[in-house]
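Excluded from the calculations below are hydrogen atoms, water molecules and symmetry mates; all remaining heavy atoms, backbone and side chain alike, are included.
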Amino acid sequence: MAGSGISVLTWNFRASHQDRLIVCLLFYLRLTLVHSQHGSYVLDDQKGLGRQFDGIGGLSGGGATSRLLVNYPEPYRGQILDYLFKPNFGASLDILKVEIGGDAQTTDGTEPSHKHSEEDENYFRGYEWWLMKEAKKRNPKIKLIGLPWAFPGWVGRGKNWPYDFPDVTAYYVVSWIIGAKRYHNLDIDYIGIWNERSFDVKYIKVLRQALDKVGLTRVGIIAADGDWSISKIMLFDPYFNDAVQVIGVHYPGTYTVGDAIKTNKTLWSSEDYSTFNDNVGGGCWARILNQNYVNGLMTSTISWNLVASYYQDLPFGQDGLMTAQEPWSGNYVVESPIWITAHTTQFTEPGWFYLQTVGHLQSGGSYVALTDGLGNLTVIIETMTRNHSVCIRPPLPAYNVSAQTATFFLKGSFTTLTELQVWHSRFAFKTNNPVFFEKLAPIKLSGGTFTINLQEDEVYTLTTLKTGLKGNHSKPPDSQPFPKKYMDDFNVRNPNFSEAPYFADQTGVFEYFINTSDPGDHVFTLRQVLIQRPVTWVADADQTISVIGDYNWQNITVSCDVYMEAINKGGVFIAGRVTKGGGEVRNAKGVFFWVFPKGTYKVTSDIQGNIVLAVGKSGTRAGIWHTLTLQIKGYEASGFLNGYPLWKNLLILGPKNGWAAIGTGTFEKTQFDNFLLEAD
């Protein structure tokens, strides 16, 4: 074989026998390569359909993940909601799942319960009621789900466990469903058990009976929002099997188990994603939206979380479908997962059916096809490579994806289709010039066939529907840090929400309060209201704490009027440079300035009060107002009581930055007023 005298495609009869063999081999390899990059697939409804599609959803809660959203001014708050819920505009979500507030830390904060105590009842606390109404306002067809992460302490009757008195727990949950309807005209469609914690067969049966007894037979139970283990028990307990409508699993890695399929129950990935919402996060979402059905027959996938609307430095910062964490500036970011969601939700409806002919592409990636049974067809194709679609959990095994050509043959009722609308997203990781949810020219079908060239890291929707739209609002304001001077006197007579703006409760519940017993300047205050430790989901602090501000702040002054209601216990603090929230809140470090009702003060560098920097007499007591001021600058801090120095220039060797905070020493009622925060 000399020079270029022999090409792969041209036979040279003067070549040697060895050269001829090499040419034959190379020609065979080329044919094999070409063949491997061109796959053929059939979309057919002649032999019946697959499972019913139940929709794509987002999860608000688990916890306090929408905390800052409510503080956005209009029109920006409404725009964010449009991108999430408005049909044929953005994500166009089919499902909204919310936390049933349980007064305890559930990832990024606490959400208040509708029943702090057994005698208490208030269906206007928190913001989940408002969020469900806003979702319904935009999409009346959206399905609503409630799920507890934690429970008020009274439900456990003194134990950190909700199942010893199943009738009490069922009453508590059912009251939330009834309250949603009575006070907000919201029909809850599904209810869960206890997020990612043990399920109890007896409790689930009792809950089903309690729902039926009050006429809520249409409310389905999803269980158990953890792993697949519940399915094995369902196979051998017909009454239990009947009580559960949907088997919901978290982070299944797109795969189900045999026992779950044998139950013949609806299977959902009832919490998934939980991944930083950059474009790799968008790739994760694209892959699992298809493959949860292709690999696992799961007919719904719900994102934790709906919108990243909590302080960035809390756990799992920016893990939502979009980001809205600056209500003070109005800035928000429509991230790629919004448009990846639209590839499915804008061209399907819950109640459509998957075709049986779905699967993996020959050179990597996957495709699903759905129909309404009335002639409409939607096909979603994804070619996400492994490194560009890694989710936070579970680990993703290695696999390969390469450019390919795919030919689809339409059979059955689809043979007469002549045209499909095309929507396209290209992540373009190499050029960093992505395009999301772009409408392309329709594709013409010839004899019920179409061919499409697919590159790596793309998503295509091909559909008979012509209703898609890439919605757009005017550009939001530019990003700005938290204001360096912030004050709140809590003088709100009829607040729209129970929490004061920007305060993010990490243990305990801080609510607006009208102090009718105060004739002076402290009628309207902020009050920590819990007096009993909840049935917790994580290891809450033994103290209560609400954080606020910019985590990067170093030199700050915090001032607040405080009123201790408990005479012989607890105490109250203001703090700066607080380092931890979420499930790590009990390990928070910072500078904590405490005063106690027995006339003493303490300065510590941890929330638990174990690392003591200074102690002394303060003359403070319960039942009167005191003004605390904490100044932190560099390596020194000073504390003032009612404007007079109590301790000065204390050496601080702890954290260099963190949030400001207020809180109490135990679960006790304490009031706060005239909060002032200044940063250098």
Side-chain angles (χ1 to χ4, degrees), residues 39 41 43 53 55-56 83 88-94 254 272-273 275 277-295 301 303 321-322 334-348 354 358-370 377-391 396 399-406 408 420-443 450-465 467-471:
Y41 313 93
L43 303 177
F53 173 67
I56 308 302
Y83 282 116
N88 295 313
F89 188 86
S92 305
L93 292 170
D94 306 305
T254 75
D272 218 325
Y273 182 59
T275 299
N277 59 18
D278 59 6
N279 285 348
V280 172
C284 153
W285 189 233
R287 177 176 55 80
I288 64 178
L289 284 184
N290 264 22
Q291 296 193 27
N292 274 348
Y293 186 77
V294 171
N295 298 334
T301 299
S303 166
L321 295 177
M322 63 181 293
V334 183
E335 312 282 6
S336 61
I338 290 289
W339 304 118
I340 295 305
T341 309
H343 271 282
T344 298
T345 55
Q346 289 205 24
F347 309 106
T348 58
Y354 286 97
V358 301
H360 291 276
L361 298 170
Q362 191 166 308
S363 295
S366 66
Y367 67 97
V368 295
L370 302 96
L377 174 69
T378 292
V379 183
I380 304 111
I381 303 168
E382 60 82 18
T383 59
M384 297 309 305
T385 57
R386 191 264 180 199
N387 290 344
H388 293 153
S389 66
V390 176
C391 302
L396 182 61
Y399 66 89
N400 294 316
V401 176
S402 59
Q404 57 195 298
T405 301
F408 288 85
L420 292 173
Q421 308 301 310
V422 182
W423 291 81
H424 175 235
S425 290
R426 180 183 67 249
F427 283 84
F429 287 99
K430 293 180 180 179
T431 63
N432 196 29
N433 186 31
V435 175
F436 293 111
F437 205 57
E438 178 184 36
K439 192 176 191 309
L440 303 182
I443 190 168
F450 69 89
T451 296
I452 185 168
N453 295 316
L454 304 170
Q455 302 300 313
E456 297 176 1
D457 299 322
E458 291 186 318
V459 180
Y460 277 93
T461 298
L462 302 101
T463 180
T464 55
L465 299 183
T467 53
L469 174 69
K470 186 172 184 177

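Looking at Thr254 and Arg287, their side chains come closer than 4.5 Å, going by heavy atoms from C-beta outward. Counting only heavy atoms from C-beta outward, the side chains of Tyr83 and Trp339 approach each other to under 4.5 Å. At a threshold of 4.5 Å between non-hydrogen side-chain atoms, the residues Val368 and Val294 count as touching. Val435 is not listed as a side-chain neighbour of His424, based on a closest heavy-atom distance of 4.5 Å or more. For the pair His360 and Asn295, the minimum side-chain heavy-atom distance is below 4.5 Å. Two residues are said to be in side-chain contact when any heavy atoms from C-beta on lie closer than 4.5 Å; Asn387 and Phe429 fail this criterion. Contact check for Lys470 versus Glu438: no side-chain heavy atoms found under the 4.5 Å cut-off. Between Phe427 and Val459 there is a side-chain heavy-atom pair separated by less than 4.5 Å.
The distance from atom CD of Gln291 to atom OG1 of Thr301, rounded to the nearest 0.5 Å, is 11.0 Å. Taking CZ from Phe437 and CZ from Arg426, the interatomic distance works out to 15.5 Å, rounded to the nearest 0.5 Å. Remark: Leu43 CG to Leu370 CG distance equals 10.5 Å, nearest 0.5 Å. Distance check, rounded to the nearest 0.5 Å: CG of Leu454 to CD of Gln404 gives 5.5 Å. Atom CD1 of Ile380 sits about 11.5 Å away from atom CD1 of Ile340, to the nearest 0.5 Å. Atom CD1 of residue Ile56 and atom CG of residue Leu289 lie 5.0 Å apart, to the nearest 0.5 angstrom.
Across all their heavy atoms, Gly90 and Ala342 have their closest contact at O-CB, 3.3 Å. Nearest heavy atoms, Tyr399 versus Ser389: OH-OG, 3.1 Å. Of all non-hydrogen atoms in Asn453 and Glu458, the two that sit nearest each other are O-OE1, 4.3 Å. Counting all heavy atoms, side chain and backbone alike, Leu361 lies closest to Tyr367 at CD2-CD2, 3.7 Å. Across Val422 and Leu462, no two heavy atoms sit closer than the pair CG2-CD2, 4.1 Å. Nearest heavy atom pair, residue Gly281 against residue Thr275, reads CA-CG2, 3.8 Å.
Side-chain atoms of Glu335 do not come within 3.5 Å of backbone N or O of Asp278 as any donor-acceptor pair. In this structure a side-chain-to-backbone donor-acceptor pair under 3.5 Å is present from Thr464 to Leu377. A donor-acceptor pair under 3.5 Å is absent between the side-chain atoms of Thr345 and the main chain of Leu93, judged by distance alone. Under the 3.5 Å distance criterion, the side-chain polar atoms of Glu382 are matched with a main-chain donor or acceptor of Met384. Between the Ser363 side chain and the Ala403 main chain, no donor and acceptor come within less than 3.5 Å of each other. Formation of a donor-acceptor pair under 3.5 Å by the Asn277 side chain with backbone atoms of Leu321 is not found in this model. Formation of a donor-acceptor pair under 3.5 Å by the Tyr460 side chain with backbone atoms of Val379 is not found in this model.
For the 3.5 Å distance criterion, the side chains of Asn279 and Ser336 qualify, holding a donor opposite an acceptor. With 3.5 Å as the limit, one finds no donor-acceptor pair spanning the side chains of Glu456 and Thr383.
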Q: Please report the C-alpha distance between Asp457 and Thr385 in whole Å, then the side-chain angles of each, then the deciding distance to 0.1 Å, and finally whether the side-chain hydrogen bond (donor to acceptor under 3.5 Å, both in side chains) criterion is met.
A: CA-CA 6 Å; Asp457 299 322; Thr385 57; 2.8 Å; yes

Q. What do the steps show when you test Thr341 against Trp285 for side-chain hydrogen bond (donor to acceptor under 3.5 Å, both in side chains), and what is the final call?
A. CA-CA 8 Å; Thr341 309; Trp285 189 233; 2.7 Å; yes

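Between Phe450 and Phe408, the ring planes lie parallel to each other; the angle is under 30°, not in the 30° to 60° tilted range. Aromatic ring orientation, Phe53 versus Tyr354: perpendicular (interplanar angle above 60°, classes split at 30° and 60°).
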